[in-house]
Structures are given as structure tokens and as C-alpha cells.
**Student:** 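Let me begin by handing over the structure; questions about it come next.
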There are 2 protein chains.
Amino acid sequence: METENQNLIRSAQLLRSFWNVQKNIMRIVQKTAIENGLTVPQYSILMVIILHEDMTQKIVGEKTFLPKSTLSQAVDGLVRAGLLHREPVEGNRREIQLTITEKGKSLLKAIHMHEGSIHHSFQTVLEMLTKEQFQALVDTHLQITNHLEAQATEQGECSE
Amino acid sequence: METENQNLIRSAQLLRSFWNVQKNIMRIVQKTAIENGLTVPQYSILMVIILHEDMTQKIVGEKTFLPKSTLSQAVDGLVRAGLLHREPVEGNRREIQLTITEKGKSLLKAIHMHEGSIHHSFQTVLEMLTKEQFQALVDTHLQITNHLEAQATEQGECSE
DNA sequence: TTTGAACTGTTCCAAAGTGAACAGTTATTT
DNA sequence: AAATAACTGTTCACTTTGGAACAGTTCAAA
């Protein structure tokens, strides 16, 4: 069973290679978040909301995959800091609309420009990669993500 | 400045693509850890130690990038659970040698075999990728990791 | 040898994260 | 209409995390 052993080694290698990148991403994100008085979940929430300016808390939860309780408290902090505006959705008093304030927008903009931010770092990463490398990377990641998520729902169903 | 804007979009895309994979990895790792009565740091520690069977706590810290305090407490739990053996390095009473016990080895082996483990999942991922895709992925990840780490030390020096 | 600096690991505590129970709202069934 | 189930978000209690102070060890210089 040499090939099987080979596969185990390769899968560990793949895992480590993701892990090494992630380690660096988290280091940068964490540093940026703390420097701006945010927690990591709060920073994630802002980054998701800035994409659409306006989302329900439910949608934010789906995008960030944060637990409801974490999300609720993180949003609370952001509202108290004046970075987010929170109001009930009209026509559905269950859901809550989250809007980024001007203060929130300018904070995020400042963060993105700043030398050590994750976006800034990743822009320099981009400069290093060829167009083909970039595309291959994103494509393969998508393939892996889809596979892992399919596997999850599959097993979720089977276990019942 | 169209290209600059392009770059910002691409860097966000790259970040999201890593994030999506990582989300799934963490979901699987966390599930596996909990099912086996471990915390995520503890699971990480075991995975690192199994590679060499025998390491100082210092080295484990360097590999896993866990804070010293987290590492210390996680190891303590593993020792109490009988999965790890801990003894002072002879000739250097500062460092501590960590050895995986038979119980630890068999637990990890059982985990790796198990359907939902991260290693198992990643083996099925491997089957999906071509050899070239795999190699390109690992290579690009390494390139990115090196770049980000170089950037970190660079900035660390400059800021002084 | 003594002093002081650097190293390795532990302890403590404040902060952050999260599952579970909950409250209120909406949709569906009887 | 009433009852029930599903949904959305909050609260609370508990666990985990990680920075800072610490204790003991080693090394180098005086």
C-alpha cells in the first residue's frame, strides 16, 4: 500500500500548506483588528457588510459563519461604537437590518489603506503572482470548498 | 486608477477564497477534536508531535504558533489524559521533552482512519485534484507564506 | 564567582467565544 | 381561530484564550 501511504503524506502536506498561509492571515487580521479597537469577529462583520452596505443580521451570519451569540454581541459592540446602524426590517419584525455608518466606512477605508492591513498585504501578494497562478489558485480553492461542503451535507444526511 | 481598483477587488477575492477553504477546515477540525474530547490546540499539538514522536515544548510552540500559556495548559490536559508523556530534558532543566504515549498514538491513528477526520477529507480532496494542480497549489501557498513572513519581519524591523 | 541578560515554561486573570435556553415573530396546520 | 412549528435574535453561564508577571535555568561578561 505504498500509494495509500503516499496519499496520507500528501494530504498532510496540503493541510500544512493551507495552515501556514492561514497562520499568517490570522496574524495580520488579528493585529489590524486590535489596533483599531475591534475583535476579529467584528472586523469580519464590517468587511462583509461593506460589500453591500446594507444587510440583515441573518445574512451576515450566513456569510461569516459566526455563531448567533457571537454575532449578536459583536454587532452590539459595533453599534455602541457608532460604526453600524441597527434597525428592524420593515415588514418583518423578526429580522434586523444592519447598515454601515459614515464613521464605519471611513474607518474601514483607513484600515484598507494602512500599510499592515490584510488587504494591503494581499495586494503585494497579487503583484508577485502571475495571472495564471492567481486564477488557478482561486479555481482550485473553489473546487476544494465545494467538495468539502458537499461532503458535509452528505454526511449530515447519512448520519440520520 | 482602474487597475488599482481591479487589484483591490482581486485581493478581496483571494482573501475570500482562502477564507472559504479555512472555514471548512476549521469546521472539520473542531468537530473531530470535540468528538475525541480534545480542544483544537490539543489536537494541533498531537498532530505536530506524531510527526516526530518526540519534541521539546519549545519546538512544538514554534511549529504550532500557539501562545506559550495556551500551549502550557493544553499540554497539561494531554498529560493528564495520558496521551502525552512529559519529562525534563536531561542536560537542560529549562526545556521539557514531550513524547506521545501508546494511548496517544492509537487515538490519533483511530482519528485519522475515521470517516469525518480532516485527513480523511483531504485524501478525498487529493483524489479530485490532478498532480499538477496539487503541485501548483502547494507551490503557490509556499510562495505566499514566504512573502507574508518576509513582510512581517521587514515591518517588525522598520518599526523600531 | 557574581552579575545581569536571555531563555523556557507556569500561573493568573481579564477578555473573548459559544452552546443552550429563551423571547418574540411569522408561517403552517388543524 | 388556535395550536404548533420554524425562524431570528438575545441573554446567560461556562469554557477557552492569551498577555503579563513570574520562577527557575542557562549563558556570557565582568
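Below, chain A is the first sequence line, B the second, and so on; all start at residue 1.
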**Student:** State which residues pass salt bridge (Lys or Arg N to Asp or Glu O under 4.0 Å) with B:K103; sequence neighbours excluded, sorted by chain then number.
**Tutor:** none
**Student:** Among all residues two or more places apart in sequence or in another chain, which pass the side chain to side chain contact (heavy atoms under 4.5 Å, CB included) test with A:T140?
**Tutor:** A:I144, B:L129, B:Q133, B:L137
**Student:** Could you list the residues that satisfy ring pair (Phe, Tyr, Trp, His ring centres under 6.0 Å) with B:H119, not counting sequence neighbours?
**Tutor:** B:H112
**Student:** Taking the nucleotide of DNA chain D with the closest heavy atom to each, which residue, B:V40 or A:L71, is nearer the 5' end?
**Tutor:** A:L71
**Student:** Rounded to whole angstroms, how far apart are CG on A:D76 and P on D:dT11?
**Tutor:** 7 Å
**Student:** Mind checking what makes side-chain hydrogen bond (donor to acceptor under 3.5 Å, both in side chains) contact with B:E102, not counting sequence neighbours?
**Tutor:** B:K105
**Student:** Going 5' to 3' on DNA chain C, which nucleotide is the first and which the last to come under 4.0 Å of a heavy atom in chain B?
**Tutor:** C:dA6 to C:dT11
**Student:** Take the protein atom CD of B:Q30 and the nucleotide atom C1' of D:dT15, then report the distance between them rounded to whole Å.
**Tutor:** 12 Å
**Student:** Looking only at the side chains, is there a donor atom on one of A:D139 and A:Q135 sitting less than 3.5 Å from an acceptor on the other?
**Tutor:** yes
**Student:** For A:E127, which residues count as a side chain to side chain contact (heavy atoms under 4.5 Å, CB included) partner, sequence neighbours excluded?
**Tutor:** none
**Student:** Do any side-chain atoms of residues 82-91 of chain B form donor-acceptor pairs under 3.5 angstrom with protein atoms, and if so which ones, sequence neighbours left out?
**Tutor:**
from  : atom 1 : to    : atom 2 : distance (Å)
B:R86 : NH1    : B:D76 : OD1    : 3.3
B:R86 : NH2    : B:D76 : OD1    : 3.0

**Student:** Enumerate donor-acceptor pairs with a distance under 3.5 Å from any side-chain N or O in residues 59-71 of chain B to protein atoms, sequence neighbours excluded.
**Tutor:**
from  : atom 1 : to    : atom 2 : distance (Å)
B:T64 : OG1    : B:V60 : O      : 2.9
B:T64 : OG1    : B:L66 : N      : 3.3

**Student:** Going by the rule side-chain hydrogen bond (donor to acceptor under 3.5 Å, both in side chains), which residues pair with B:K23 if we only count those two or more places apart in sequence or in a different chain?
**Tutor:** B:N20
**Student:** Among residues 41-70 of chain A, which residues get a heavy atom nearer than 4.0 Å to DNA chain C?
**Tutor:** A:P41, A:P67, A:S69, A:T70
**Student:** Considering only heavy atoms, which members of residues 85-98 of chain B lie under 4.0 Å from some atom of DNA chain C?
**Tutor:** B:R86, B:R94, B:E95, B:I96
**Student:** Just jot down the ring pair (Phe, Tyr, Trp, His ring centres under 6.0 Å) partners of B:F18, sequence neighbours excluded, or say none.
**Tutor:** A:H141, B:H141
